[in-house]
Amino acid sequence: LKQVFNKDKTFRPKRKFEPGTQRFELHKRAQASLYSGLDLKAAVQLPSGEDQNDWVAVHVVDFFNRINLIYGTICEFCTERTCPVMSGGPKYEYRWQDDVKYKKPTALPAPQYMNLLMDWIEVQINNEDIFPTRVGKCEGDVL
């Protein structure tokens, strides 16, 4: 397990919602519905009276946390030597472009690509303009 929680790996700590906030309550409701055995369509429906942007934000952060956990368990098996290309099978190769360091789509080893991707996602999730943490801060803003 020491390898999984190594700070130099892609694994990141879970993003949490502040207890007592509306998003924390929505997160608890989402978790309860996912573990209740209900069908998935019903589990992701917007609860009555809740803001759609808040509901989607809760699920985006939860999905990010789950992907982090999954990737954290396999990242030691995918090295630059064993995974020299980020691909989706033999027909698809993913290339990184961020318009900062990588101005053109660039082929990278899978671990490097994943590190850049997870960093980028984390920046988006932590951006208060996209995912405000205070209720009503950006009322009506698009996620």
Side-chain angles (χ1 to χ4, degrees), residues 1-80 83 85-143:
L1 278 178
K2 196 180 258 187
Q3 290 293 328
V4 173
F5 295 103
N6 183 339
K7 206 173 185 183
D8 296 329
K9 297 285 186 178
T10 296
F11 178 83
R12 287 155 174 73
K14 245 181 143 172
R15 171 92 194 264
K16 296 184 179 184
F17 297 101
E18 195 68 35
T21 65
Q22 181 182 6
R23 289 228 177 124
F24 179 77
E25 295 304 316
L26 286 172
H27 173 70
K28 285 192 332 188
R29 187 183 290 178
Q31 293 295 55
S33 65
L34 288 175
Y35 296 120
S36 68
L38 296 174
D39 71 288
L40 189 57
K41 190 174 184 178
V44 297
Q45 279 186 330
L46 177 66
S48 178
E50 298 297 344
D51 181 73
Q52 182 176 0
N53 288 336
D54 287 334
W55 187 243
V56 171
V58 164
H59 286 285
V60 167
V61 172
D62 187 54
F63 184 70
F64 175 71
N65 289 336
R66 290 172 192 268
I67 293 298
N68 265 327
L69 286 173
I70 292 168
Y71 184 66
T73 63
I74 64 166
C75 66
E76 69 183 275
F77 303 106
C78 183
T79 65
E80 290 191 13
C83 303
V85 175
M86 182 65 185
S87 66
K91 291 184 177 183
Y92 302 98
E93 179 180 322
Y94 297 95
R95 296 177 177 220
W96 185 259
Q97 180 179 357
D98 59 14
D99 295 327
V100 179
K101 183 176 179 184
Y102 299 93
K103 298 191 186 294
K104 295 180 181 178
T106 306
L108 298 171
Q112 188 178 355
Y113 182 97
M114 286 302 298
N115 278 329
L116 291 168
L117 177 63
M118 298 306 270
D119 286 346
W120 182 85
I121 294 169
E122 195 167 27
V123 166
Q124 304 312 303
I125 289 173
N126 290 326
N127 183 337
E128 283 285 325
D129 293 332
I130 300 171
F131 290 89
T133 56
R134 289 182 292 282
V135 176
K137 180 180 177 217
C138 295
E139 194 67 34
D141 282 355
V142 176
L143 184 70

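These numbers come from a predicted model, not from an experiment.
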With heavy-atom distances below 4.5 Å as the criterion, would you say the side chains of Trp96 and Leu117 are in contact? yes
Tyr94: what forms a side-chain hydrogen bond (donor to acceptor under 3.5 Å, both in side chains) with it, not counting sequence neighbours? none
Looking at CG of Leu69 and CD1 of Ile74, how far apart are the two atoms once the value is rounded to the nearest 0.5 Å? 12.0 Å
Side chain proximity check, Pro111 to Tyr71, heavy atoms < 4.5 angstrom: yes
Given the rule in the side chain to side chain contact (heavy atoms under 4.5 Å, CB included) test, do Val60 and Phe131 qualify, once you have shown the distances and angles that lead to the verdict? CA-CA 10 Å; Val60 167; Phe131 290 89; 3.7 Å; yes
Output for pair (Cys75 SG, Asn115 CG), nearest 0.5 Å, gives 8.5 Å
Leu46: side-chain contact (heavy atoms from CB on, under 4.5 Å) partners, not counting sequence neighbours: Glu50, Gln52, Trp55
Determine, stepwise, if the pair Asn65 / Val61 fulfils side chain to side chain contact (heavy atoms under 4.5 Å, CB included). CA-CA 6 Å; Asn65 289 336; Val61 172; 3.9 Å; yes
Which residues satisfy the side-chain contact (heavy atoms from CB on, under 4.5 Å) test with Thr79, sequence neighbours excluded? Arg81, Thr82
So Gln112 and Pro109, do their side chains get closer than 4.5 Å, heavy atoms only? yes
Nearest 0.5 Å, what's the CG-CE distance between Asn68 and Met114? 8.5 Å
Partners of Ile67 by side-chain contact (heavy atoms from CB on, under 4.5 Å), sequence neighbours excluded? Phe63, Met118
Drop me the distance from Cys83's SG to Tyr113's OH, to the nearest 0.5 angstrom. 14.0 Å
Looking at residues at least two apart in the chain, or sitting in another chain, which of them share a side-chain hydrogen bond (donor to acceptor under 3.5 Å, both in side chains) with Gln124? none
Okay, side chain of Asn126, backbone of Glu122: is any donor-acceptor separation there less than 3.5 Å? yes
Among residues two or more places apart or on two chains, list those pairs meeting salt bridge (charged side-chain N to carboxylate O under 4.0 Å, His left out) that have a residue in residues 91-107. Glu93-Arg95
